[in-house]
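A short write-up of the structure that comes next.
In each ligand, atom 1 is the first atom listed, and ligand 1 is the first ligand listed.
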Amino acid sequence: MAVGPSIEDLHFAMEPSVDEIPGPNSQKLLERQQEVDSSAVAYPKRIPIALEEARGATVRDVDGNTFLDFFAGIGVLNVGHSNPYVLEGTQEQLESVAHTIDFPTEARIDLIDKLREIAPGGLAGSSNVVFGGPSGSDAIEGSIKLAKHNTGRHGLLAFEGSYHGTTAGALSLTAGKKYKKGYSPLLADTVHVPYPYPAQDPDTGDAGALCPADDCCMNDGCARALDAVKRKFEAPYGGHSTPAGIWVEPIQGEGGVIVPPKGFLQGLRDIADDNDAMLIVDEIQTGLGRTGEWFATDHFDVTPDAITMAKALGGTGLPIGAMLYHEKFDTWGPGGHVGTFRGNAPAMVGGLRAIEYIESHNLLAHATELGSYLRDRISEVAETTPEIVDVRGKGLFVGVEFEDADGNPDADIVKAIQTHCYENGVLVWSAGRHGNVLRLIPPLVLTHEQAAFGMDVLGEAVRAVTAEAH
Ligand code: PMP
């Protein structure tokens, strides 16, 4: 028997309905926000609505407009907004005990057991889980400490295009200069090397010579990236102290939904092994079913030393971050990694129930199938739209890259498409090093009907916006 309602029954509607937007009630709240909230507020600048309620893959604003949500709180609401099966458990837990630091509760131990069961590769069954602060950035901070503690080194290696968070350690790993400007220096000896970018890498035919992997997949960008990583570890004049670990998104999210070639993660695994460094895979955006597997690492058949999680881990958007690592690295003593909010029991029940809901409704297969459908629909539009230079992703993690007529990244097109979609009831977000990638990360509970409607709106938006440019 399936747990909770079917995915068809989770939403306000299968289609959006928008009247005037932003409506008068949204306007009022947006104005009040403008007066008192921080000038760091960003999302309503592009999508000016004030939220009232949300269900499944639909959100309703304070004027009664209903939208289809194709970004799920940036990859948080994998089982949809307010999933009743998840809510029931989190509410019961909230009423019994909510704040538990690291005392054992059934919620905590059951979630750890489940994560150990679904962990990628050889981490399944032989891993430990540590909770710290509630965000993804906190999980990354924990991973930096774990790598330093286990290797006795302090250098860090990450990739161009990466996003790992905004606390000082995580921000050191994040590549986006706009997030770092004014805050340097951050952690010493942090280096960034190229991440393979199949849509952009020129083919120079020297892949085999550069790639350290035995079964090179002959992608030049991948080979050059692996060569750069290897040199940071092994070249005597590499310029930095040998890194404690390699931090990598298995599919880059903020960087533009970039799927690396098949051998990339294995190449990193080999370099980490050869140099006694840790391979830390950041699954904060890609984890818990997003890409049609529990973790994006599963697509690459590699066992990392540790994975970081947050976002969808709280089930209904309750904050919780965690790191799962191989038990051989469990070398710190009591208090080795702490945080007041490391025992948010309702979030733990939320995470467990979200995983159960995904299992029970076969949402990994659904994400795979629906993701292909979305990519097919966009690829049809791309046939007559030269501005679309790449359609990519795995499962319900979809990126569409845009360039202008001169071949330059075009963020304005993406913004205009986003606005057009919003005006027609579909919420989409962007990504990419130049903001020129449209990113679709809908809840995994999105139905076929909703997907079809969303793609109709997106197709029209692309046609309308590019027609203006032609
Ligand atoms: N890593 C990745 C891959 C992310 O996508 C994000 C958030 N976008 C983070 C880390 C940071 O998570 P948080 O915002 O919860 O600190």
Side-chain angles (χ1 to χ4, degrees), residues 38 40-43 71-78 120 131-147 156-176 178-180 183 186-187 190 192 195 245-260 265 268 279-291 295-297 299 304 306-324 339 341-342 344 347 350-351 393-399 429-433 435 437 439-441:
S38 164
V41 164
Y43 281 88
F71 69 91
I74 301 298
V76 168
L77 299 148
N78 284 8
F131 301 101
S135 72
S137 302
D138 293 317
I140 293 288
E141 296 294 334
S143 71
I144 295 172
K145 284 162 65 184
L146 188 80
L156 316 176
L157 186 142
F159 293 89
E160 291 171 13
S162 68
Y163 188 90
H164 296 287
T166 50
T167 50
L171 188 57
S172 307
L173 293 170
T174 290
K178 65 179 175 189
Y179 303 109
K180 306 170 90 145
Y183 306 121
L186 293 160
L187 295 191
T190 304
H192 292 84
Y195 189 89
I246 300 171
W247 279 260
V248 63
E249 290 162 87
I251 298 175
Q252 278 192 343
E254 307 294 320
V257 192
I258 302 172
V259 185
L265 271 197
L268 295 181
L279 177 64
I280 293 124
V281 177
D282 182 346
E283 292 272 10
I284 288 166
Q285 188 159 161
T286 47
L288 300 155
R290 168 61 43 206
T291 68
F295 296 99
T297 307
H299 293 286
I307 58 171
T308 51
M309 294 166 272
K311 289 197 188 266
L313 186 59
T316 44
L318 294 180
I320 179 170
M323 173 174 47
L324 179 144
F341 288 113
R342 66 188 186 275
N344 182 342
K394 290 225 180 259
L396 285 170
F397 198 31
V398 178
W429 203 249
S430 59
R433 295 147 197 219
V437 178
R439 178 172 35 163
L440 304 180
I441 38 174

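- Remark: A170 pairs with S137, I140, E141, T167 by the side-chain contact (heavy atoms from CB on, under 4.5 Å) rule, at least two apart or across chains.
- With sequence neighbours left out, Y179 forms a ring pair (Phe, Tyr, Trp, His ring centres under 6.0 Å) with Y163.
- Between the side chains of W247 and S143, at least one donor-acceptor pair of N or O atoms lies under 3.5 Å.
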Under 3.5 Å: N or O atoms of ligand 1 paired with protein N or O:
unit_1	atom_1	unit_2	atom_2	d
ligand 1	1 (N)	Y163	O	3.3
ligand 1	1 (N)	D282	OD1	3.4
ligand 1	1 (N)	D282	OD2	2.7
ligand 1	5 (O)	Q285	NE2	2.7
ligand 1	8 (N)	E254	OE2	3.3
ligand 1	8 (N)	K311	NZ	3.1
ligand 1	15 (O)	G136	N	2.8
ligand 1	16 (O)	G136	N	3.4
ligand 1	16 (O)	S137	N	2.8
ligand 1	16 (O)	S137	OG	2.6

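- Not counting sequence neighbours, the partners of F71 by the side-chain contact (heavy atoms from CB on, under 4.5 Å) test are Y43, I47, D69, I74, L427, W429, I441.
- A donor atom on one side chain and an acceptor atom on the other are found under 3.5 Å apart for E283 and T297.
- Checked by atom type and distance alone, the side chain of H164 never pairs as donor or acceptor with a backbone atom of A158 at under 3.5 Å.
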